[in-house]
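Note on naming: letters A, B, ... go to the chains in the order of the sequence lines (proteins, then strands), and numbering restarts at 1 for each one. Fair warning: this is a prediction, and the values are worked out from it, not measured in the lab.
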There are 2 protein chains.
Amino acid sequence: MDTSVLLQHLSDYIELTPQEQEHFCQHLLPKKVAKRGFLLQTGQICRHSFFVHQGILRGYTLDQSGGEHLLSFAPAGWWMADLYSLFSQQPGQLFIQAMVDTEVWLLPKQAQEQLYLDIPKLERYFRILVEKSLVASQQRLIDNLSRTAEERYAQFERRFPDLISQVPQKYIASYIGVTPEFFSKMRANWLKRGNNSVPKKLSSQGCLPEAFNFP
Amino acid sequence: MDTSVLLQHLSDYIELTPQEQEHFCQHLLPKKVAKRGFLLQTGQICRHSFFVHQGILRGYTLDQSGGEHLLSFAPAGWWMADLYSLFSQQPGQLFIQAMVDTEVWLLPKQAQEQLYLDIPKLERYFRILVEKSLVASQQRLIDNLSRTAEERYAQFERRFPDLISQVPQKYIASYIGVTPEFFSKMRANWLKRGNNSVPKKLSSQGCLPEAFNFP
DNA sequence: CCTTTACCATAACCTAGATTAAGAAAACAG
DNA sequence: CTGTTTTCTTAATCTAGGTTATGGTAAAGG
């Protein structure tokens, strides 16, 4: 397992000297998690940020009646965490699960704090990522308040062209906030209406670079 | 107009020397905006962060059919901005309006960037605020996906006890994502059921300190 | 003082999407 | 290759919340 994907990501935002890269990487712990395996479960304290080197993670919660609500996907090149729990070091409510066999780098909370002091540029890196996440999160809020399920799916399609063919569609339904049944119906209407932009393998250029999920 | 509220807020997160405080304050511009006045409108580029010294702001968007969707309130002691526009310096979609006569401090984007370099502690300050905002935004997303309108109102009540008696309830309705009519109906049922926790002047201790809105 | 402009309440009706319940079709394990 | 599990589809019924409409009260404002 190598750090190339992560270092590339860092270099999109800040410039680190080879020594700084070295120092950063010393704090990383590799981890493999099999399909359906968990990196975190409700009630646990999130003690690491996870950087997805390969694979796909999802973060979701359960409501009172056991319904899943998918807060975020994290394909390769994304960070993931239960942010509430990570920042506050209180027990969180998120499950973080691998949707396929996945390899991640763990960055311990402690190390992250230390790195902010050792290499202030990293504070900038994570500030910018959090800013982007916040914008994305607010946009999703607005979309949930003001757009129909179909429009939300169209957004999703633009934002995550790759995921559509890679993850079961019930998870996509959960992300945009509808039941799998309704999602299926919606899709059927869609095809009937000739709006043929549904599953065809799209421009496979990875997820849009401005989309993040955490630090 | 004095900077005490803002400096107090800063000191909750970082310690600045008197000189640093002075340097920070030199970049601030005071502004008064009357009730219903706008600090920003759709299509404009957001060139400042706004710190509410006194009064209340709201940030909202319009959908295709002219419906308002309230993204955030900012009472005294909160930061406000169209974050997408501020970060990207592209035209935004938010209206930022005063709900009562309001006094704000403007922190120009340029100055903010410069201050990150001059006083790295400020980068930390804003990083932490953005982190908290992100957690709040994600929580609100989860709530919108998994809780009923009534539960969302209960949350709101806990989170913004003061606002309830200070702003017209149609705005609260918009914030939690229902129409004013439905909100009214809900409230009526509520009272009928004897759940008498609706408008009584609650513990007036200001908004919970962990709730933010931006930097 | 009277008018206008917010703001709030109530009620009848309507629709997007939930829920429940099946089956069909993949994916997967043995 | 066969049995099992997971995923997808379809369809009937149901409900939370939206829409439209109408009247009422409070408070700006001339």
Close side-chain approach of B:Tyr60 and B:Ile96, heavy atoms under 4.5 Å: no

I want to verify a distance call: between C:dC7, D:dT7, D:dC8, whose nearest atom is closest to the A:Gln169 side chain? D:dC8

Any A:Lys35 side-chain N or O less than 4.0 Å from OP1/OP2 of C:dC28: yes

Rounding to a whole Å, what distance do you find between B:Glu68:CD and C:dC7:P? 10 Å

Do B:Lys32 and B:Asp101 make a side-chain contact, defined as non-hydrogen atoms from C-beta onward lying under 4.5 Å apart? no

Check every strand shown and say whether A:Lys185 touches a base, only sugar-phosphate, or nothing at a heavy-atom separation below 4.0 Å. base

Main-chain N/O of B:Ser146 paired to A:Asp63 side chain as donor or acceptor, under 3.5 Å: no

Just to confirm, is there a sub-4.0 Å distance from OP1 or OP2 of D:dG18 to any side-chain nitrogen or oxygen of B:Thr179? yes

Map B:Gly177 and A:Glu181 onto DNA chain D by nearest heavy atom, then report which one ends up closer to the 5' terminus. A:Glu181

Establish, with yes or no, whether the OP1 or OP2 oxygen of D:dT19 is under 4.0 angstrom from a side-chain nitrogen or oxygen of B:Ser65. no

Test: B:Arg147 cationic atom under 6.0 Å from B:Tyr153 six-membered ring centre, within 45° of axis: no

Any base atoms under 4.0 Å from A:Gly67, or only sugar-phosphate, or nothing? Heavy atoms, all strands. nothing

